[in-house]
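In what follows, a single structure is set out as structure tokens and then discussed.
Values below: all heavy atoms of this structure, side chains included; hydrogens, waters and symmetry mates excluded. In what follows, chains are A, B, ... by sequence order, proteins preceding strands, each numbered from 1.
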Amino acid sequence: QKEVEQDPGPLSVPEGAIVSLNCTYSNSAFQYFMWYRQYSRKGPELLMYTYSSGNKEDGRFTAQVDKSSKYISLFIRDSQPSDSATYLCAMSQGAQKLVFGQGTRLTINP
Amino acid sequence: SQTIHQWPATLVQPVGSPLSLECTVEGTSNPNLYWYRQAAGRGLQLLFYSVGIGQISSEVPQNLSASRPQDRQFILSSKKLLLSDSGFYLCAWRDHRSSYEQYFGPGTRLTVT
């Protein structure tokens, strides 16, 4: 069993829809959770990070962590074509090693 | 602000040839530095990390090596490339004093032929 599971998609939604991206994990020692956005042939860009259970909001993006269920989500409101990218979840129990999900490829259709 | 550079951006090399990829970070001091490889359709695999000059930790045994000759310079090398070394190589940095997030460079796309 992988430490982090992420549905690879692809996921295709119309512009303006609410998008939900999810990851589950098996290691209860994970304490730090991040979401990255990666455009084609580019390096990943940090979108959001959180260190605790609950919700964290930044503009159209909301990160949600449920440590009891070992489940994290990223919600995108009012999705735009420019949001089309691969989204990677990442998590860590310590300082050095991030464990990444496989990434979900998202397409927003105009 | 901090900036991370990688070069070259794209590289095509024959099997058995050597490799040298370079990463430099600007705007910070004593960063933690990381090398990852991303194969097509896969997540990121941590290859090496460094907490200081000359200090290298290896995560995956393979024919690659890393060096950190200067505080903000990280180099990924190989003496003889294999076909399986093809992939997208990413360098990342972290400010060990304040956070756990890592910030990535633009990447080098390596094709071994």
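Counting heavy-atom pairs under 4.5 Å between each of A/Leu46, A/Thr86, A/Leu88 and chain B puts A/Leu46 at the top. In terms of non-hydrogen atom pairs under 4.5 Å with chain B, the most contact-rich of A/Ala90, A/Gly103, A/Gly43 is A/Gly43. In terms of heavy-atom pairs under 4.5 Å with chain A, the best-connected choice from B/Ser57, B/Ala92, B/Pro106 is B/Pro106.
B/Tyr49 touches chain A through its side chain: at least one heavy atom from C-beta onward sits under 4.5 Å away, while N, CA, C and O do not. Heavy-atom distances place no part of A/Glu45 under 4.5 Å from chain B, backbone and side chain included.
Smallest separation of non-hydrogen atoms from A/Leu98 and B/Tyr36: CB-OH, 3.9 Å. Scanning all heavy atoms of the two residues, the minimum distance from B/Phe88 to A/Gln38 falls at CE2-NE2, 3.8 Å. Residues B/Leu44 and A/Pro44 approach most closely at CD2-CG, 4.3 Å, considering heavy atoms.
Around atom NZ of A/Lys42, no more than 12 heavy atoms belonging to other residues, nucleotides or ligands sit under 6.0 Å away. The neighbour count for A/Arg41 CZ, taken as heavy atoms of other residues, nucleotides or ligands under 6.0 Å away, does not exceed 12.
A single hydrophobic cluster is seen to contain both B/Val112 and B/Trp35, as judged by linkage of ILVMFWY side chains at heavy-atom distances under 4.5 Å, directly or through other members. Hydrophobic clustering (ILVMFWY, side-chain heavy atoms < 4.5 Å, transitive): A/Met34 and A/Leu47 are in distinct clusters. Following chains of ILVMFWY side-chain contacts shorter than 4.5 Å, one cannot reach B/Leu46 starting from A/Met91, and the two form parts of different hydrophobic clusters. Hydrophobic clustering places B/Val15 together with B/Leu11 (ILVMFWY residues linked when any side-chain heavy atoms are closer than 4.5 Å, directly or through intermediates). Residues A/Val4 and B/Tyr100 do not share a hydrophobic cluster, defined by chaining ILVMFWY side chains whose heavy atoms lie under 4.5 Å apart.
Once rounded to the nearest 0.5 Å, the distance linking CD of B/Glu101 with CE of A/Met48 reads 11.5 Å. For the atom pair OH (A/Tyr36) and OH (B/Tyr103), the distance works out to 7.5 Å, reported to the nearest 0.5 Å.
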